[in-house]
There are 2 protein chains.
Amino acid sequence: MTQQLEARRRTPLNRDRVLRAAVALADEVGLESLSMRRLAEELGVVPMALYKHVANKEELLDGMVANLIGEIDPPVPDGDWKRAVRLRVLSARRALQRHPWARQAIESRTNKTPAVLDYMESFTGMFLAGGFSADLTHHVMHALGGRMWGFTQELFDDPAGTTAESPADVPPEARAAMFQQMAARYPNIVAIATSTHHDEGSVVGHGCDDQFEFEFALDLLLDGFERLHEEGWSSRRAKLDRTESGDRQRAPLPE
Amino acid sequence: MTQQLEARRRTPLNRDRVLRAAVALADEVGLESLSMRRLAEELGVVPMALYKHVANKEELLDGMVANLIGEIDPPVPDGDWKRAVRLRVLSARRALQRHPWARQAIESRTNKTPAVLDYMESFTGMFLAGGFSADLTHHVMHALGGRMWGFTQELFDDPAGTTAESPADVPPEARAAMFQQMAARYPNIVAIATSTHHDEGSVVGHGCDDQFEFEFALDLLLDGFERLHEEGWSSRRAKLDRTESGDRQRAPLPE
DNA sequence: AACGCTAGGTGTACGGGGTACACTTGTCAA
DNA sequence: TTGACAAGTGTACCCCGTACACCTAGCGTT
């Protein structure tokens, strides 16, 4: 009995063990049943012990999401942007499917943690490397947003807001410094965030035209629907086409 | 003082008043601060009083969503499916924007309430009326899902599951009866749900190929991106095109 | 050897949440 | 008058996140 306790002590808790246990527990019982108390019990520890390793439940969830992002394959160093993006999105999807709680967790998260920003940064890079303009990349990221995450909307609203901080209480020179840091660490994100409006030095993503972004993606889909309709598309034929062509690169273009 | 109480009594609570108060409260304080207790207080009533009008908080949220759906404009009786869909989606978006809690509420909801089914039914009808095959409509609905709602994924998993009921405890003849009811009330939904696999009588949407749905939408977007990229698309020009052409029907087709 | 610092774990307690259950009360038909 | 029924009440239970004071083991310094 004392032995058991000591055995536990021998590998003391740490942030990573906590996060991994949280992921495993959520996998098992679902996100709605993941409580600090239950997680603590799972770890053979008193609830408050967790707070020595995560600030609060929010941060726990952020950490879980970060772990999940770690499961997504890095971009393949392919010359073909489309192929690279496709593979990456499908990899992300696989990660989400392994963890049924993930979708909900991501959607509920509003803070842009470094893990999320890193992912976005590298994702953005795939388009830019493919020769896309920053402008087009910007809109494309918005359109794709919901497909990989729930981060469609307020993505670029406040790039400085990686932690909870109201804009008002940050002195201007500090804001400038943060912008420098952002630009250094996330050049792609900053590039596309500042693409559509040229007032570089000022607030970064303030003028992101939500309505336009939405209609951009909507019309892209509607136009695609129309084309398929006119072509007499059917899922059966699409599946046949897919299997007979090389891999799984569907080719809905007529010629 | 007794008068105030009596004034309250004179218009006794009812389901609709509860739901409307809930919507108003959520608009004000956010979904995370909407509690049964607070809502009761707002209505000048003890928390348990609410349970005479809604079964529980889940049902309250379902009701709120139903109210919200009621704010979406009905489909315009237009010959042009694209125009009709576009207007409807934009109307839905406006409704969501009026109620910041809506997105989160919809995403968290998993039950398919009549209100949601009615909306889907009429939405589906727009494509079918436009001459789309049930097959294509099926995929198109999936692809569009995330744009209007969060109901992309498990939409057709269990059409009988409008209320919480495990499939096992429903006798087969009852299932058949439910199917008849579904088909009568939601002909369009049933049509597209049964489109891709022909085993009509059996479980309806069991064989919905999630992976295929996902790739369908993904490739539609990627192909669209590619086309815009090749055309040298820019948001500035797109906005100019939009304003000079009739209304807001973007025309990305080269000719 | 004695000390004191610190990181990690504990125990207690508070306020808030959803809701089961037994109750009162006001209204109206018979 | 009665008595049934719908609406509202009061109390209580269990779960949640987490603030705060405390303990304890291990360690480097003196």
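Throughout, protein chains are lettered first and strands after them, A, B, ... in sequence-line order, and every chain is numbered starting at 1.
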For this session: Encode nucleotides 12-19 of chain D as B, S and - characters from 5' to 3', where the letter depends on protein heavy atoms closer than 4.0 Å: B to the base, S only to sugar-phosphate, - to neither.
Result: B---BBBB
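- Going from atom CD of B/Glu41 over to atom C1' of C/dG17 covers 14 Å, rounded to whole Å.
- With a 6.0 Å radius and a threshold of 12 heavy atoms from other residues, nucleotides or ligands, B/Glu41 has its CD atom at or below the threshold.
- Here A/Asp62 contributes atom CG and A/Asn56 contributes atom CG; the two are 8.5 Å apart, rounded to the nearest 0.5 Å.
- For the pair B/His53 and D/dA6, the criterion of a side-chain N or O lying under 4.0 Å from OP1 or OP2 is not met.
- Whole-Å rounding puts the A/Asn14 CG to C/dG9 C1' distance at 14 Å.
- With rounding to whole Å, B/Leu50 atom CG is found 13 Å from C/dA20 atom P.
- If one axis is set at each end of the helix from C/dA1-D/dT30 to C/dA30-D/dT1 from five pairs, those axes are 20° apart, to 10°.
- One interatomic measurement links the two molecules: CG of B/Leu39 to P of C/dT19, which rounds to 12 Å at whole-angstrom precision.
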Would you be so kind as to tabulate the donor-acceptor pairs closer than 3.5 Å made by side chains of residues 21-31 of chain B, with sequence neighbours excluded?
unit_1: B/Asp27; atom_1: OD1; unit_2: B/His99; atom_2: ND1; d: 2.8
unit_1: B/Asp27; atom_1: OD1; unit_2: B/Trp101; atom_2: NE1; d: 2.6
unit_1: B/Asp27; atom_1: OD2; unit_2: B/His99; atom_2: ND1; d: 3.0

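- A pairwise comparison of heavy atoms in A/Leu19 and A/Leu60 identifies CD2-O, 3.7 Å as the closest pair.
- Taking all atoms of both residues into account, the shortest heavy-atom contact from B/Leu13 to B/His53 is O-NE2, 3.2 Å.
- Atom-to-atom, NZ of A/Lys52 to P of C/dT6 comes out at 14 Å; the value is rounded to the nearest Å.
- Remark: B/Glu42 CD to B/Leu39 CG distance equals 7.5 Å, nearest 0.5 Å.
- The CD atom of B/Glu32 sits 17 Å away from the C1' atom of C/dG18 (whole-angstrom rounding).
- The shortest side-chain heavy-atom distance between A/Arg88 and A/Asp73 does not fall under the 4.5 Å cut-off.
- No side-chain donor-acceptor contact under 3.5 Å links A/Thr124 and A/Asn188.
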